[in-house]
Structure formats: C-alpha cells, structure tokens
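The structure under discussion appears below in the form of structure tokens.
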Number of protein chains: 2
Amino acid sequence: MKLSTRGEYGLRAMLDLAQHHGEGPVSLRGIAERQDISEHYLEQLVSSLRKAGLVRSVRGSQGGYVLAREPAEISVGDIIRVLEGPIAPMECVNEEEPPECERAQTCITRTIWERVRDSINEVLDSINLEDLCAQARQLKQSSEYYMYYI
Amino acid sequence: MKLSTRGEYGLRAMLDLAQHHGEGPVSLRGIAERQDISEHYLEQLVSSLRKAGLVRSVRGSQGGYVLAREPAEISVGDIIRVLEGPIAPMECVNEEEPPECERAQTCITRTIWERVRDSINEVLDSINLEDLCAQARQLKQSSEYYMYYI
DNA sequence: CAATATCCGAGGGATTTGCTATGGTATTAA
DNA sequence: TTAATACCATAGCAAATCCCTCGGATATTG
C-alpha cells in the first residue's frame, strides 16, 4: 500500500513549478537540484506529465517547463493518477481497466476496496497546487518569525 | 498503491471463519478449498493472524481455527494492518516506525499522505466481519429470490 | 498407532522498482 | 555559431518484494 517515488518526486516537481509559476520556464536541472532528484529520472516523470497535459515545455536555451494551467486548477489527484496510474487498492476496482473477475457478482470484499479507492481519490482531489504553495508560504513565514526572536 | 494478496486472501479467510463462527474449529484445508487459495500460503497468513491475536488455533485431528473475538469485534482494518503492515501511502507517515527524514519539518507534501492514511484507516475500521457476513446473507437471499422467479 | 491437523523455517522464481547509461535529435537564445 | 535546453528510445541492472513451495516437526483424536 505504498506510493512509488514516481508519485512522490513528480508531485514535488509540480510543486516546484507552481512556486515558480509566472516566472517563465523552469529547467529540469533546476528542479532536480532543488528537489534532490536524479535529473534523468525526473525527465521520465515530467515527460509523462507533459503527455498528460499538466505541463507545457519550452524548448531551446533558457527553455524548461511551465504549468499548463493555474496552480489552483491542478489537483494532487491529477498528478498522482498520471504518475502512478489509476488509484485502486485492488486491481478489481480499477476504474480505467476493470479486469474480468468471475467472483465479481458475488464478491463481498469488493465494496470495501471501492470505498477505499473513493476515499483516497477524494482526499487527493481536495488539494491543489495553490493550496500547497500557500502552505509553503506560511511555513516559510513562521520559520522567519521564529528566527527573528532567537 | 496496491494491496498484496496477503491482505486479500487473509480477509477472505477471516470472512470464511466468521461465516462458520460458533461451529467449532475450521480447518485450513476447508478455507483453502472454498476460497481457492494455496493451503501452504494461507498457513503463513493465518499464522500472522494468530500471533496478532485475531484467531485461536486448535491443534490435532479435527482441529483448525476459530475467531478469537466476535465477528462484530473484528474490523477489516485490524486484519489488513496485521497482514500488510501499518497503512501508510509513504514511509514517512508510518505510525509505527516513523523513519527519520531531514525534510520532516519543512515537508509540504507530507500532510497529504497523512490525510490519505487517515482516510484509508477510517474506511477500513468502519467495517467489521459481522457487517460482511450480513452482506453475504443478503446477497445469497437476493440470488435465491432471483432463482425462484426464473 | 494412524490419521489429521497445526506449526515452523528455508528457499526460490518471477516481477517490480528505481534508477543509470548510452547516444543521440531538435530547437532556441544570445 | 555555440551553448543550453528539451525530447526520445532502448537497454541494463541490482535490490527489493511478491507469491508462493518444500520438507519436515509437533500435537491431538479416535
């Protein structure tokens, strides 16, 4: 029941882009350094995000990536589902490619997994990148306040 | 973000025990046959459940396993956490063995995983074996009703 | 004693994860 | 033109995890 690093790194990269939103293209190298992620690995993740339409790329020197929509318009769920595939604690409740299962009609435990799936999606969809940016600003401010009084 | 077969099989085995609750020890072979699970593999799962105090064993001929508590007193969460380990979409929000993480104090995304973890636990803890038995009885009845009118 | 069970530890093949490596091509700012 | 960037594909691979299997030892009933 763990997320892989794809989701973790990808979300951190997207948050990084959100924090630089409006400042022009952000290079992969910059993200990789700030987030301490292998640049090459990150390339694979961002490629998925681009194909899914969550980021746009700007090629050439001084190029990089920008968010394809406003931070408030991109939910954590959008990002995680691109990088990890559809949320489903069991294959049998995969919303995109529901596999055949002869037990399907008589399976008691199945409704549990549906409820788990829905509740995860609800949480992930309730948080967007703007929320996370606001949280980051708040955290930064409170730590500066703390520094001031040392 | 998948559960392994440990959780799936283990829960089905526990449901099987709940459905035979009060009828004396149920053998692994019986469970394995009804649930179509390898008996040897099931043995390992049930061993964990026994060590966790969810089932009691009766050794020897005519032996088997019985639930250690009433079906209504055993939640799906109890079972899944024994077999899959503590629910945590990311290691950093593992409630039992929180790993050290230098980002911990400044990590924005962490709160997301905490909320996901809590919502999964909430769902799993809201369902117990008696609920599932009731659902199974209902399903059986409605299918018999259906058969009657064919 | 024989049959039926649980109990236990070791092992092992297949798959997935989390990268790294290689070697480019295409595009653009300066 | 040059440097900096995105873009692409393919391959490899060590480590971990998953999903069991195997071969017993031990306990209980009849």
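Here the structure is a predicted model, which is why all the values come from computation and not from measurement. Keep in mind that the numbers below use all heavy atoms, side chains included, and drop hydrogens, waters and symmetry copies.
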Would you say R50(A) places a side-chain N or O within less than 4.0 Å of OP1 or OP2 belonging to dC8(D)? yes
Without placing hydrogens or testing angles, list every side-chain donor-acceptor pair under 3.5 Å for residues 10-32 of chain B, not counting sequence neighbours.
{"unit_1": "R12(B)", "atom_1": "NE", "unit_2": "Q35(B)", "atom_2": "OE1", "d": "3.2"}
{"unit_1": "R12(B)", "atom_1": "NH1", "unit_2": "E8(B)", "atom_2": "OE2", "d": "3.1"}
{"unit_1": "R12(B)", "atom_1": "NH2", "unit_2": "Q35(B)", "atom_2": "O", "d": "2.5"}
{"unit_1": "D16(B)", "atom_1": "OD1", "unit_2": "H20(B)", "atom_2": "ND1", "d": "3.2"}
{"unit_1": "D16(B)", "atom_1": "OD1", "unit_2": "R34(B)", "atom_2": "NE", "d": "3.3"}
{"unit_1": "D16(B)", "atom_1": "OD1", "unit_2": "R34(B)", "atom_2": "NH2", "d": "2.9"}
{"unit_1": "D16(B)", "atom_1": "OD2", "unit_2": "R34(B)", "atom_2": "NE", "d": "2.9"}
{"unit_1": "D16(B)", "atom_1": "OD2", "unit_2": "Q35(B)", "atom_2": "NE2", "d": "3.0"}
{"unit_1": "H20(B)", "atom_1": "ND1", "unit_2": "D16(B)", "atom_2": "O", "d": "2.8"}
{"unit_1": "H21(B)", "atom_1": "NE2", "unit_2": "E70(B)", "atom_2": "OE2", "d": "3.4"}
{"unit_1": "S27(B)", "atom_1": "OG", "unit_2": "G30(B)", "atom_2": "N", "d": "3.1"}

Salt bridge (Lys or Arg N to Asp or Glu O under 4.0 Å) assessment of E130(B) paired with R69(B): CA-CA 11 Å; E130(B) 178 51 38; R69(B) 305 198 294 266; over 6 Å; no
Could you tell me whether the phosphate oxygens of dT16(C), OP1 or OP2, come under 4.0 Å of any side-chain nitrogen or oxygen in S4(A)? no
Taking side chain to side chain donor-acceptor pair (under 3.5 Å) as the cut-off, I'd like each qualifying pair that reaches into residues 40-51 of chain B, sequence neighbours left out, listed once. T5(B)-Y41(B), R6(B)-S48(B), H40(B)-E43(B), S47(B)-K51(B)
Spacing between I37(B) atom CD1 and dC18(D) atom C1', to the nearest angstrom: 15 Å
For residues L132(B) and L129(B), determine if any side-chain heavy atom of one lies less than 4.5 Å from a side-chain heavy atom of the other. yes
Whole Å only: how far is the CD atom of E91(A) from the C1' atom of dT16(C)? 14 Å
Spacing between D36(A) atom CG and dC19(C) atom C1', to the nearest angstrom: 14 Å
Walking DNA chain D from its 5' end, the first of K51(A) and G63(A) to be reached, judged by nearest nucleotide, is G63(A)
Rounded to whole angstroms, how far apart are CZ on R56(A) and P on dT27(C)? 17 Å
Taking CG from L42(A) and P from dT20(C), how many angstroms apart are they, rounded to a whole number? 12 Å
Counting side-chain heavy atoms from C-beta on, which of dC7(C), dT5(D), dC19(C) comes nearest to S57(B)? dC7(C)
Whole-Å distance, L3(A) CG to dT16(C) P, equals 17 Å
What is the per-nucleotide protein-contact pattern of nucleotides 21-30 of chain D, from the 5' end, where B denotes a base atom under 4.0 Å from a protein heavy atom, S denotes such proximity for sugar-phosphate atoms only, and - denotes neither? BBB--BBBS-
Rounded to whole angstrom units, what separation is found between the OH atom of Y9(A) and the C1' atom of dT20(C)? 13 Å
Determine whether I108(B) and I127(A) fall in the same hydrophobic cluster, where Ile, Leu, Val, Met, Phe, Trp and Tyr are linked whenever their side-chain heavy atoms lie under 4.5 Å apart. yes
May I have the step-by-step check of side-chain contact (heavy atoms from CB on, under 4.5 Å) for V116(B) and L3(A), ending in yes or no? CA-CA 11 Å; V116(B) 169; L3(A) 246 64; over 6 Å; no
Would you indicate whether Q138(B), at its atom CD, is surrounded by more than 12 heavy atoms from other residues, nucleotides or ligands within a distance under 6.0 Å? no
Nearest-angstrom distance from the residue atom CZ of R12(B) to P of dC19(D): 13 Å
Within the structure, does a side-chain N or O atom of S47(A) lie under 4.0 Å from either OP1 or OP2 of dA6(D)? no
